[in-house]
Amino acid sequence: EKILTHLSKAGLIVGDVKEAQAARVAALFMPHGLGHMLGIDTHDVGGYPLDGPERPTAPGIKKLRTARTVQAGMYLTVEPGLYFIDALLEPGLENPELSKFLNKDRVKEFMGMGGVRIEEDVLITADGCEVFSKVPRTIEEIEAVMKA
């Protein structure tokens with residue numbers, strides 16, 4: 001919902017954000033999951049335990065890499081991102097159920113641009129999490145890195 005709200009403010013999507021969310025419009029801009037377990041391997045197994053839920057198949061959530069209850073001591077990533085991928089957006093613009101939420105001219109301005117994703121590596125603690133990533137977040141911080 002948050003990404004769709006910002007896309008709406010930027011004039012990329014139109015209409016009701018909740019309805020766009022239900023139609024899975026966000027999957028056109030965020031085709032990946034929100035994170036994964038970290039361990040011996042970068043994409044550690046264990047996100048779907050045998051006694052847990054099955055992997056979803058719906059657009060926008062089919063690439064989620066974990067559906068387990070996180071516990072203190074687990075390491076995982078949190079990876080919000082936003083992409084403008086022609087291979088995803090073109091079919092979305094042609095699909096009447098999705099295109100009614102898209103400002104076609106505005107979306108086309110960004111097509112082919114690529115995207116951005118920030119990966120946070122976090123340790124789950126008893127009272128929250130500890131973030132291990134040191135990534136610039138504000139405009140000022142990003143511009144300072146780019147000038148360096």
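Because the structure is a prediction, the values reported are computed rather than measured.
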Consider only side-chain heavy atoms of I, L, V, M, F, W and Y, link residues closer than 4.5 Å, and tell whether [X] and [Y] are in one cluster.
X: Leu28; Y: Leu93; result: yes
X: Met113; Y: Val25; result: yes
X: Val70; Y: Val131; result: yes
X: Val107; Y: Phe110; result: yes

Without swapping roles, check the side chain of [X] against the backbone of [Y] for a donor-acceptor pair under 3.5 Å.
X: Asp121; Y: Phe132; value: no
X: Asn103; Y: Val14; value: no
X: Thr125; Y: Gly128; value: yes
X: Thr77; Y: His36; value: yes
X: Thr5; Y: Glu1; value: yes

Quick one: closest heavy-atom pair of [X] and [Y], and the distance?
X: Pro136; Y: Val145; answer: CG-CG2, 3.9 Å
X: Ala126; Y: Ala72; answer: N-CB, 3.8 Å
X: Glu97; Y: Ala23; answer: O-CB, 4.3 Å

Could you check whether any side-chain heavy atom of Leu102 comes within less than 4.5 Å of a side-chain heavy atom of Leu12, counting everything from C-beta outward?
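Leu102 does not reach Leu12 side chain to side chain.
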For residues Leu7 and Leu82, determine if any side-chain heavy atom of one lies less than 4.5 Å from a side-chain heavy atom of the other.
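In short, these two side chains touch, coming nearer than 4.5 Å.
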Once rounded to the nearest 0.5 Å, what's the spacing between atom [atom1] of [X] and atom [atom2] of [Y]?
X: Met111; Y: Asp86; atom1: CE; atom2: CG; value: 4.0 Å
X: Asn95; Y: Lys100; atom1: CG; atom2: NZ; value: 9.5 Å
X: Ile124; Y: Glu130; atom1: CD1; atom2: CD; value: 11.0 Å
X: Thr138; Y: Glu143; atom1: OG1; atom2: CD; value: 8.5 Å
X: Met30; Y: Ile3; atom1: CE; atom2: CD1; value: 4.5 Å
X: Lys108; Y: Glu90; atom1: NZ; atom2: CD; value: 8.5 Å

Could you check, using the six-membered ring where one of them is a Trp, whether Phe29 and Phe84 have ring centers closer than 6.0 angstrom?
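Yes: the rings meet the under 6.0 Å criterion.
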Given side-chain contact (heavy atoms from CB on, under 4.5 Å), test Tyr83 with Leu88 step by step and report yes or no.
CA-CA 9 Å; Tyr83 296 88; Leu88 296 174; 6.0 Å; no
Kindly determine whether Ser99 and Lys104 satisfy side-chain contact (heavy atoms from CB on, under 4.5 Å), including the steps that lead there.
CA-CA 8 Å; Ser99 66; Lys104 293 173 184 67; 3.9 Å; yes
